[in-house]
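The sequence lines fix the lettering, A, B, ..., with proteins before strands; numbering per chain opens at 1.
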Number of protein chains: 2
Amino acid sequence: MLTISQLAAYAGVTVRAVRHYHQIGLLPEPERDSSGYRRYGAAAAVSLIRIRILANAGVPLSQIGQMLEADAPTFAAAVADIDRQLSDEIARLEASRQQIAQLAAGDRLALPPQVIAYLDRLREIGASERVVAGERDGWILMAARWPDRVGDWMPGKIAQLDDPQVVRLYQILSGVFDSDAGDDARLEEAADLIAGLAEQAYASGEIDLGEVGQDDLPFDLLDALAVEADPRLQRLLDLVRERGWAGLARLERLPASPD
Amino acid sequence: MLTISQLAAYAGVTVRAVRHYHQIGLLPEPERDSSGYRRYGAAAAVSLIRIRILANAGVPLSQIGQMLEADAPTFAAAVADIDRQLSDEIARLEASRQQIAQLAAGDRLALPPQVIAYLDRLREIGASERVVAGERDGWILMAARWPDRVGDWMPGKIAQLDDPQVVRLYQILSGVFDSDAGDDARLEEAADLIAGLAEQAYASGEIDLGEVGQDDLPFDLLDALAVEADPRLQRLLDLVRERGWAGLARLERLPASPD
DNA sequence: GCTTGACCTTGACGCTGCGTCAACCCTCCA
DNA sequence: TGGAGGGTTGACGCAGCGTCAAGGTCAAGC
């Protein structure tokens, strides 16, 4: 006959845990000896081990009781379900490892390779380090929050940089943001370019006006972040808005206004 | 400027979580607008996303604050540590998947292959289905509780079955436990065989009398379980004990008694 | 101007799975 | 005989929020 601490040792749990299982009715209370001590048989150890296996797998104690009472097929189905949850959880943790790696990478490497490629291309077309750094910070954020969507966005972004107008746009912006003063003439030119590009993209069907809402979250955030980094971008946003569009990172047509 | 629900949506958390982070000082309280509402900038979204990445990785909120304040090398070290914990946790979950699979397998397959081999070998040497079933239940328990030690035990167990005396022992036990009555003569013979085998093993140095204690847990449990399954084993244990040994699944020499 | 519904506010309790006292009783061994 | 090392119940504490409750606010439509 086992005492509670022996039982706990057999099953690899604490005495407190055993008493807790008694309290919630998961493990039946055994007989007591003359002095009121609980006395267990080996079968209790088996029950307890089964309980621990399920608990370790993340099954709530409240469900374990029902599971152990269920018939074989029901039990097997429940186990299959738990196995699925476990493999999901494993996938989540793997993803989490990647995310913290990106956090630690901070400003250096280990961003998704597509983002690195995009930033390199930006430098090639003559964007200033300041602008590249701004884009990098933005994309660190995007990669952190929407890791599985970055892969969808980047090819389009990289392809854009082949357009001479886009190249020109980044060069103007680099000029403006490397200097200290507001430079309205150049901002106007940039706004013209942006509006022109937006019209083009709209005409060719690239801008899908239907799908607004959910999907704008990331890009709205990018815009807001950019404006906080350099308030002159607010002016640019306003100029773009005057031309009938909204947004920087992704454009929307404004509802027609009585201008 | 963002409201709290917008901020929460950007970061993919609940409003309640954001307020909780304020309460514990993890996220600084922002300015309030005229009606007392919290108003956030985009930078808060970035902070919040960083917090969530760490929290998702399992870092306690109380540590996240310190981590985010730390300098780069300290932060990197902490991240490396978290990564290690994550990979440990993943390993744990993988092991857990195997264990629940064994639970579900119940009496059928999916025991560790070495145990299957052992049970097959038992049948070959003529052990009855009842004895095999008893061993199987015992080893299901062992494999569940001490998964990584079963591999050490089984080769020895399987090798034992090549000894004609061991074969004889299992045949006697099968005979006894398939019948209904107590059969003292055969139990005596079995006890003689066990004691003889133990003496042999002791003489050849296979039984290490030093290492008792911790390592006996599993085998004590096996014995207790066997006795609960068939009380006649208690008689066998007593007979073995009369011959100066203790245990069934693993033997110990008893301290010399004034018999 | 009024209602409605979707937000916002603070405060407080609830949940899981035990850890960790406290205050007391039992048993065993030197 | 006394002290160490078991056992007993009872109660509070912990993280990380979820979930009311009981209001104040904002935007839109009538």
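Looking at Arg243(A) and Glu188(A), a side-chain N of the basic residue comes within less than 4.0 Å of a carboxylate O on the acidic one, giving a salt bridge. In this structure, Arg241(A) does not pair ionically with Asp238(A), as no charged nitrogen and carboxylate oxygen lie closer than 4.0 Å.
If you take CD1 of Ile51(B) and C1' of dA15(D), they are 16 Å apart, rounded to a whole angstrom. In this structure, His22(A) atom NE2 and dG7(D) atom P are separated by 12 Å, rounded to whole Å. Taking atom CD1 on Ile64(B) and atom P on dG16(D), their separation rounds to 8 Å, with Å as the unit. Atom CE in Met1(B) sits about 16 Å away from atom P in dC26(D), given to the nearest Å. Between the P atom of dG7(D) and the CD atom of Gln6(A) lies a distance of 8 Å, rounded to the nearest Å. Leu48(B) places its CG atom 11 Å from the P atom of dC17(D), with the value rounded to the nearest Å. Atom CD1 in Ile4(B) sits roughly 16 Å away from atom C1' in dG24(D) (whole-Å rounding). Between the CD atom of Gln63(B) and the P atom of dA15(D) there is a distance of 12 Å, given to the nearest Å.
Distances shown here put every side-chain N or O of Thr14(B) at or beyond 4.0 Å from the OP1 or OP2 atom of dC17(D). For the pair Thr3(B) and dC8(C), the criterion of a side-chain N or O lying under 4.0 Å from OP1 or OP2 is met. Between Arg32(B) and the phosphate of dT25(D), there is no side-chain N or O to OP1/OP2 separation shorter than 4.0 Å. In this structure, Ser35(A) does not reach the dC25(C) phosphate: none of its side-chain N or O atoms is under 4.0 Å from OP1 or OP2. Distances shown here put a side-chain N or O of Arg19(B) below 4.0 Å from the OP1 or OP2 atom of dT9(C).
In terms of position on DNA chain D, the residue among Gly58(B) and Tyr37(B) whose nearest nucleotide sits closer to the 5' end is Gly58(B). Each of Ser34(B) and Val15(B) was assigned the nucleotide of DNA chain D with the nearest heavy atom; the assignment lying further toward the 5' end belongs to Val15(B).
In this structure, Gln6(B) and Tyr40(B) have side chains that are not in contact, with every pair of non-hydrogen atoms separated by 4.5 Å or more.
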| query | Taking it one step at a time, do Asp152(B) and Arg149(B) satisfy salt bridge (Lys or Arg N to Asp or Glu O under 4.0 Å)? | reply | CA-CA 5 Å; Asp152(B) 299 339; Arg149(B) 300 181 59 192; 5.5 Å; no
| task | Run the numbers on Glu199(B) and Trp245(B) for side chain to side chain donor-acceptor pair (under 3.5 Å), then give the verdict. | result | CA-CA 9 Å; Glu199(B) 291 291 349; Trp245(B) 295 88; 3.3 Å; yes
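Of all nucleotides listed (dT9(D), dC17(D), dC18(C)), dC17(D) comes nearest to the side chain of Tyr21(B). Comparing dT8(D), dG7(D), dT9(C) against the side chain of Arg38(B) picks out dT9(C) as the nearest. Checked against dC7(C), dG7(D), dC18(C), the side chain of His20(A) finds its nearest nucleotide in dC18(C). Listed nucleotides dC18(C), dC26(D), dC25(C) differ in distance to Arg52(A); the shortest reach to its side chain belongs to dC18(C).
In this model, a side-chain donor or acceptor of Arg16(B) finds a partner on the base of dT19(D) within 3.5 Å.
Within the nucleic acid shown, Ile24(A) has no heavy atom closer than 4.0 Å to any nucleic acid atom.
Put simply, the side chain of Arg39(A) never gets that close to the backbone of Asp33(A): no donor and acceptor are under 3.5 Å apart.
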